[in-house]
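All remarks here apply to the structure that follows.
When reading the values below, keep in mind they use all heavy atoms of this one structure, side chains included, and skip hydrogens, waters and symmetry mates.
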Amino acid sequence: MKKGRGIITTLLLAAGAIFWINDIAVRASDGSAADGVVWKTYKYTSDSPEQKENIFKKTIKKDGRTYQLVDVSYDVQKKNPVTKKSQVELTALSEPVKSSEMSGFAEFTRKDGVLYRLDKDTIRESGEAHVQKVTVNEDYNHAVDASSVPQKIKTKATNELTGEETEVECSFEEIIRLDRFWQDSYIDITFQQYDANVFYWQGLAITKNSQNIPLKGYETQLLSSVGLSPDTGRVLKTYWSSDEYTADGVVCRDAKAEVQKLVTPYRAKYSGEIRMPIYEATYTGTVEEIVEGEYTYDMVATAEYHQSHDMVYFVGIVVLILALLLILFLISKKRKRKEGEKTNV
C-alpha cells in the first residue's frame, strides 16, 4: 500500500513540475494581460480594399522567446481619390511690335490657378499684325500708262503706334485719268526788226497795230507755237515785257502772252503698309486631375503572434520520463533487496 502511494506521489510531483515550468515560461514576460502575445503592423497602399498583403513571418523571436503567427487582420485607414498629372499648354499673344525681341513675353504667367512657364523656342509670328495702310500718288499732266511709270516708289509716313517716321516702299497699283482743267501758262515772245513798220516773229511778218498790242489777231499762230490749238488752248492777253533793245545789230523787243492750256491729268496710285506683327508664344504648365471612380486605399495589416510553449512541454515530458525511470529504478532496487533478505533467511 505504501509502495503504491509512493508511485502516485512521484507522478503527481512530475505533473506538477510540468505545469510549474509552463507557468514560469508564461510569467517570464512583463506580467500584463497581454503576456505571451506580440502584435506587428504593416502599412501599405493598394488599389483595392480586398488586396491583402502578408509579409509577416510565421515564426519570430523576441527577447529570446519564440512566437507563432496565429492571425492577420486588415483595415482601411483612408480612401484616396486617384489623381493624374498632365501637361497643358497656353498660347499668349503680344502687342504689335517691330520684332520678336520686343515681344515682351513674361517668363511665367498664371491662369485659373495653374502656373505656366514660357517656352522661349516657341515665340513666332502669329500671322496677325497691326497693318497701317500707306498710299501715295504721282500726278502727271500728260498721258501715261503702267509701263511708263515707276513700279515702286519710296515715301515717308508716321507710324501711328510708335509716332516714328518710317520709310515705306509702295508698289504701283493703277493709273486713273482725272478731270480736265485749264492750266495757266505763258509764252515768251521776241520780235526782231522792231524799228520797222513790219517786224518779224518766227518767220511771220507782223504789221504793227494801232492798239500797240503784240500779236493781236495772231492768237492761233501763237498757240500753235507751243503745240496748242484753239480747242486745247486760249490766249488771255498779250503785252510788252521790255523796251526796244539791240542784239547783234538787230532791234528787238520782248512780249509775253498769258495763256491757258487744257490739261488732261493722269494719276499713278501707289500703296504700301507699315506692318507691326503680333507674336505668339506657348506656355506649358501641369495640372492634377481626379480620375473619376478610381481610388487608392491606405491599408494597415496587423499580425497577432502567440508565444510558443513547445519547449516547455518538451522539458516537462523529459522530467516526467526521468521521474518514471527513477521510480522504476527505486522499485527495482527495493525488490532486489527484499529478495536478498529472503535468500539469507
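- Atom OH of Tyr239 is surrounded by more than 12 heavy atoms from other residues, nucleotides or ligands within 6.0 Å.
- Side-chain contact of Glu304 with His306: a donor-acceptor pair under 3.5 Å is present, judged by distance alone.
- Residues Thr238 and Leu222 are in side-chain contact: their nearest non-hydrogen atoms beyond the backbone lie under 4.5 Å apart.
- The backbone N or O of Ile189 sits nowhere less than 3.5 Å from a side-chain atom of Gln202 that would complete a donor-acceptor pair.
- Ser103 and Ser94 make their closest contact through O-CB, 3.5 Å (heavy atoms, listed as atom of the first residue, atom of the second, distance).
- Between Phe191 and Trp201, the ring planes lie tilted relative to each other; the angle falls in the 30° to 60° range.
- A 6.0 Å sphere centred on CG of Asp179 holds no more than 12 heavy atoms belonging to other residues, nucleotides or ligands.
- The closest side-chain donor-acceptor pair between Thr286 and Arg117, if any, does not fall under 3.5 angstrom.
- Sorted by first and then second residue, the side-chain hydrogen bond (donor to acceptor under 3.5 Å, both in side chains) pairs with a member in residues 52-62 read Tyr42-Glu53, Gln51-Glu53, Thr59-Gln68, Lys61-Thr66; sequence neighbours excluded.
- Contact between Asn141 and Pro265 at its shortest, heavy atoms only, is OD1-CB, 4.0 Å.
- In this structure, Glu125 and Tyr279 approach most closely via the heavy-atom pair CG-CE2, 3.5 Å.
- Gln151 places a side-chain N or O within donor-acceptor distance of the main-chain N or O of Ala146, the cut-off being under 3.5 Å.
- Contact check for Lys98 versus Met276: side-chain heavy atoms found under the 4.5 Å cut-off.
- In the hydrophobic cluster analysis, where Ile, Leu, Val, Met, Phe, Trp and Tyr join through side-chain heavy atoms closer than 4.5 angstrom, Val291 is grouped apart from Tyr295.
- Residues Trp182 and Asp231 come closest through the heavy atom pair CH2-O, 4.2 Å.
- Remark: side-chain polar atoms of Tyr283 are paired, donor with acceptor, to backbone N or O of Ala106 under 3.5 angstrom.
- Contact check for Asp145 versus Tyr266: no side-chain heavy atoms found under the 4.5 Å cut-off.
- Contact of the Tyr74 side chain with the Glu50 side chain is not registered, since no non-hydrogen atoms from C-beta on lie closer than 4.5 Å.
- Around OH of Tyr186, the count of heavy atoms belonging to other residues, nucleotides or ligands within 6.0 Å does not exceed 12.
- Side-chain contact between Thr282 and Arg124 is present, with at least one heavy-atom pair separated by less than 4.5 Å.
- With hydrogens and angles ignored, the 3.5 Å screen pairs no side-chain donor or acceptor of Ser126 with any backbone N or O of Glu280.
- In terms of heavy atoms, Leu223 sits closest to Arg234 at CD2-N, 3.8 Å.
- Comment: Lys84 does not engage Glu294 in a salt bridge, judged by the lack of any side-chain N to carboxylate O separation of less than 4.0 angstrom.
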